[in-house]
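One structure below.
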There are 4 protein chains.
Amino acid sequence: MRHEKVEVIFQAAVEVFAESGFDQAKMDEIAQAAGVAKGTIYYHFKSKEELFVGLMNEGMEKLSDCVRRGIALKKSPSEQLEALLHAHILFFVKNGKLAKLLLNEAFGTKERQRQFRTKIREYLNLIESVLQQGIEQGEFQMAHPREMASAIFGAASVVVLQKIYSLEENQSEEIEATAPTMIESVQQLVFHPLIK
Amino acid sequence: MRHEKVEVIFQAAVEVFAESGFDQAKMDEIAQAAGVAKGTIYYHFKSKEELFVGLMNEGMEKLSDCVRRGIALKKSPSEQLEALLHAHILFFVKNGKLAKLLLNEAFGTKERQRQFRTKIREYLNLIESVLQQGIEQGEFQMAHPREMASAIFGAASVVVLQKIYSLEENQSEEIEATAPTMIESVQQLVFHPLIK
Amino acid sequence: MRHEKVEVIFQAAVEVFAESGFDQAKMDEIAQAAGVAKGTIYYHFKSKEELFVGLMNEGMEKLSDCVRRGIALKKSPSEQLEALLHAHILFFVKNGKLAKLLLNEAFGTKERQRQFRTKIREYLNLIESVLQQGIEQGEFQMAHPREMASAIFGAASVVVLQKIYSLEENQSEEIEATAPTMIESVQQLVFHPLIK
Amino acid sequence: MRHEKVEVIFQAAVEVFAESGFDQAKMDEIAQAAGVAKGTIYYHFKSKEELFVGLMNEGMEKLSDCVRRGIALKKSPSEQLEALLHAHILFFVKNGKLAKLLLNEAFGTKERQRQFRTKIREYLNLIESVLQQGIEQGEFQMAHPREMASAIFGAASVVVLQKIYSLEENQSEEIEATAPTMIESVQQLVFHPLIK
DNA sequence: GATGAATGAGTTTTCATTCAT
DNA sequence: AATGAATGAAAACTCATTCAT
């Protein structure tokens, strides 16, 4: 297993980065939150950026794994897509901190953001491949599976993020209870027309 | 009409903020890009934050206006929703800089971000009201119009953002040509099931 | 004339760099000594290194000018060499701080030191050209004017440095009084054999 | 005999200190170069400073021994002085790393430098005593043997240093071949007038 | 209205040193 | 004897903001 202190630092870093964003996050704060000296972080990570990138990669890895596991149980593309949405939203609900970071830091021209987008691109490819299979097997019908993948990703992600922040502003914490609502909405968007 | 210098500063600020994000953007750089002295910015704006907030508010205003104008021409909610998506995507395509800022700075706990989210909330209300009318007039059918509004907003925004950055990485600039692809995709998502 | 603050910073920097050497010198200390804020130094100089290099260049420039002026008054190479030694030693005596920096920072593989050595090389060329002329005019006789230039430079410089530090340890300050002693010694080394 | 590890550390330390100077040299780098753990250095030396001082003392010791051995074979002061110059220059040529350190770290107000200068003072006394004997025995003639000792030390040292760095910049390594040139030059400076 | 030199609080990062194993 | 993870004090540098001109 990974070095104990590294784990502690990772935990603390997610909290702090999610709370403040990359630039506003202070290494001091991360160190304090982790209960280690600032030097200790630098003993394990070359820089703030490297720490952040490590974090993001791990986060995307977890999301991918989680979604892949959900898909693996299903046979037909439409069931797989359903499972994908379900897993994606639940993952974001359970890992709100990561979700915040994901959208906050996904876009931008900094190197770390570019690197990060590569990971997102991979995740989008996963979605796209499900769509593609559906098309090939005659289940789905769409002209632009790549754009559709982005749109679905955006819908599923922003629903959760918006909910997180709106609940935060009302200081309620019962987000898990609202998961079905969000899943249902995105499922409808994808599988049924809004129009009667 | 607004003071000439203010306009110049606004223009420059959008560029710089979009390129670097709020924190990494330097007032020096904005001043240089605007061709004014740094002090001049502070003569017109109290702070970096105020400049940014002014910018974002104006941006959201423009987006709202643009969408509202699109809707106004239509009668039925479904036509209105169609027009809304169309206008939203075209606006983001035409104002890529603003689009970047929008998603980059929409989430976070800083005061400026909270303020900004208020504007987004208003925009989401606009979408929601179209959905609501559709329900009332028996055109639409959905359990959670609020969540649906978020999902639609996310789908339409992320499609464009993802496209912008993916084109940037390939150094092509022909994003306007791809607008129909994106509009079509989101329209399908909203109006037709993916499933045959 | 040069900007007032720049001048003040230069003055302070010579003091501090000479006292502590490049690495041990703190920008804080220089700022305090100059009576300006640390930021002011960085407003005028890009980095500690740039400040230092500027300083050294100016120092070598002054030394060169001073020696050149001494030489200019003389006709024959031997008179010129005499004047050169005289001027060099007096300059070091008057500008002890600079003399310290000169020897302390002349050697090393850092970029700033390499740059600095280029200036010293130029100064050595000046000495060498006097020697060369002496040879051509039949006044001097030597096999390796380049090495001789280094040797003379070393003799004249180290004599003064050693004296500065030995006086410092005895807390006496009367170095100017000892200048003739040093000049005489180096003159003898160059013009008369030690051997009777 | 000295502990094996101590020897290894010394070797590595000379390299690293000579390459980077005292301040820029990193204990990590020395440890790596020596192939031991950082803690091991601290097991054998109390501090970076102590390691450095030990090094310098040993270096000066070796120089002194080498020169003393050269002198011991000669009888007359002028032969002794000749041998001294010869030994000094050859020692610097053979121990370039040490030579660099010697001049780089000889001057300055830090405690380690003061300590080091004590050793140099002793070496200068050795030179001075040869001069003094020459005067007493009627071979030499000079007003200020102490200053003359400094001047000779400076000439002999700087000649080599300047050559080392100028060859380094041209990436040639044949310094040993140039030793006679340098010895000859300093010998002339000391024993024969430049003037015909 | 406009300017840009000056400021100093705030941040990342480095590295000698320690100490439990 | 030897190790190397952990530490925290120290330093270079940044940049939003101010203000005299």
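Note that this is a predicted model, so its numbers are computed, not measured. Here is how names work: the chains are called A, B, and so on, in the same order as the sequence lines, proteins then strands, and each is numbered from 1.
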Those residues at least two apart in sequence (or on a different chain) that pass side-chain contact (heavy atoms from CB on, under 4.5 Å) with Glu50(D) are Phe45(D), Lys46(D), Ser47(D)
Residues passing the side-chain contact (heavy atoms from CB on, under 4.5 Å) test with Ala12(A), sequence neighbours excluded, are Ile30(A), Ala33(A), Ala34(A)
Measure [atom1]/[X] against [atom2]/[N] and give the value in whole Å, please.
X        : N       : atom1 : atom2 : answer
Gln32(A) : dG8(F)  : CD    : C1'   : 14 Å
Ile9(B)  : dG1(E)  : CD1   : P     : 12 Å
Phe45(B) : dA16(F) : CZ    : P     : 15 Å
Phe17(C) : dA11(F) : CZ    : C1'   : 13 Å

Between Ile41(A) and Ala37(D), the residue closer to the 5' end of DNA chain F by nearest nucleotide is Ala37(D)
The reported gap from CE in Met27(C) to CD1 in Ile9(C) (rounded to nearest 0.5 angstrom) is 8.5 Å
Side chain to side chain donor-acceptor pair (under 3.5 Å) pairs touching residues 95-107 of chain D, sequence neighbours excluded, are Glu15(D)-Lys97(D), Lys100(D)-Glu168(D), Glu105(D)-Arg112(D)
Residue set satisfying side chain to side chain donor-acceptor pair (under 3.5 Å) with Glu169(B), at least two apart, ordered chain then number -> Arg117(A)
Side chain to side chain donor-acceptor pair (under 3.5 Å) filter on Glu61(B), not counting sequence neighbours, yields none
Phe17(A) meets the ring pair (Phe, Tyr, Trp, His ring centres under 6.0 Å) criterion, sequence neighbours left out, with Phe22(A), Phe52(A)
Annotated structure of DNA chain E as dot-bracket, pair cut-off 3.5 Å, Watson-Crick or G-U only, | for inter-strand, is .||||||||||||||||||||
Heavy-atom contacts, protein to nucleotides 12-21 of chain E, under 4.0 Å, summarised as B (base), S (sugar-phosphate only) or - (none) per nt, yield BBBSSBB---
Residue pairs passing the salt bridge (Lys or Arg N to Asp or Glu O under 4.0 Å) test with at least one member in residues 23-39 of chain D, sequence neighbours excluded, are Asp28(D)-Lys38(D)
Short side-chain N/O contact from His3(C) to OP1 or OP2 of dG4(E), under 4.0 Å
no
Item to complete: Please measure how far the P atom in dG1(E) lies from the corresponding atom in dT21(F), and state the result in whole Å.
Response: 22 Å
